[in-house]
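Worksheet: one structure, shown below.
Count residues from 1 along the sequence. Please read all numbers here as calculations on a predicted model, not as lab measurements.
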Amino acid sequence: MAVCSYIKPDGQRCKAQPMRGENFCYAHNPAYRERRLAASRRGGKLGGRGRPRREIQGVKERLLRLADLVERGVFDPRDANTIAQLMNVFLRALETERRLEELAALEQRVAALEEQGGYTWTANR
């Protein structure tokens with residue numbers, strides 16, 4: 001089986017399989033350098049997996065404080081209900097954003113696989 005022609009800085013050869021009809025794997029093929037850089041820039045803007053958890057934790061803390069204020073009679077339950085509905089919309093938006101980020105990452109992985117091995121993927125299979 002053929003291996004990528006790239007030689008690492010430590011002198012060892014890359015062990016990945018080269019792309020069809022190429023000498024290099026996707027990660028080392030000079031023809032795809034700009035595409036890889038663009039993908040890494042997009043990936044850096046996605047925010048990481050920790051951000052949604054912090055935001056969700058913040059919503060939970062606010063809801064608990066709000067419930068406490070309602071329970072003590074300091075805050076009107078109708079107003080608290082409105083705030084809780086708005087927080088629910090925020091949480092749904094977070095979930096939608098997470099799913100879009102996952103989809104973008106998946107599309108990127110599928111594109112890389114298609115380029116490496118000539119695989120094609122369609123949603124109607």
With sequence neighbours excluded, residues passing side-chain contact (heavy atoms from CB on, under 4.5 Å) with [X]:
{"X": "Glu107", "result": "Leu103"}
{"X": "Phe90", "result": "Glu55, Val59, Leu94"}
{"X": "Gln85", "result": "Asn81"}

Please enumerate all residues that pass ring pair (Phe, Tyr, Trp, His ring centres under 6.0 Å) together with Tyr26, with sequence neighbours excluded.
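In terms of ring pair (Phe, Tyr, Trp, His ring centres under 6.0 Å), with neighbours along the sequence ignored, Tyr26 is linked to Tyr32.
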Among residues two or more places apart or on two chains, list those pairs meeting salt bridge (charged side-chain N to carboxylate O under 4.0 Å, His left out) that have a residue in residues 83-96.
Glu95-Arg98, Glu95-Arg99
Mind checking salt bridge (charged side-chain N to carboxylate O under 4.0 Å, His left out) for Arg33 and listing every partner two or more places apart, or none if nothing turns up?
none
Please list, chain by chain and in numerical order, all residues satisfying salt bridge (charged side-chain N to carboxylate O under 4.0 Å, His left out) with Asp76, sequence neighbours excluded.
Arg78
Please report the interatomic distance CG(Leu91) to OG1(Thr96), rounded to the nearest 0.5 Å.
11.0 Å
Roughly how far, to the nearest 0.5 Å, is CG of Leu64 from NZ of Lys60?
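Lys60 atom NZ to Leu64 atom CG measures 8.0 Å (nearest 0.5 Å).
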Pairing residues for Glu34 by the side chain to side chain donor-acceptor pair (under 3.5 Å) criterion, not counting sequence neighbours
none
In a table with atom names and distances, give each donor-acceptor pair under 3.5 Å that connects a side chain of residues 65-75 to protein atoms at least two apart or in another chain.
unit_1	atom_1	unit_2	atom_2	d
Asp68	OD2	Arg72	NE	3.1
Asp68	OD2	Arg72	NH2	3.4

Cut-off 3.5 Å, no hydrogens considered: what does the side-chain donor-acceptor table look like for residues 4-19, sequence neighbours left out?
unit_1	atom_1	unit_2	atom_2	d
Ser5	OG	Asn23	O	3.1
Asp10	OD1	Gln12	N	2.9
Arg13	NE	Cys4	O	2.9

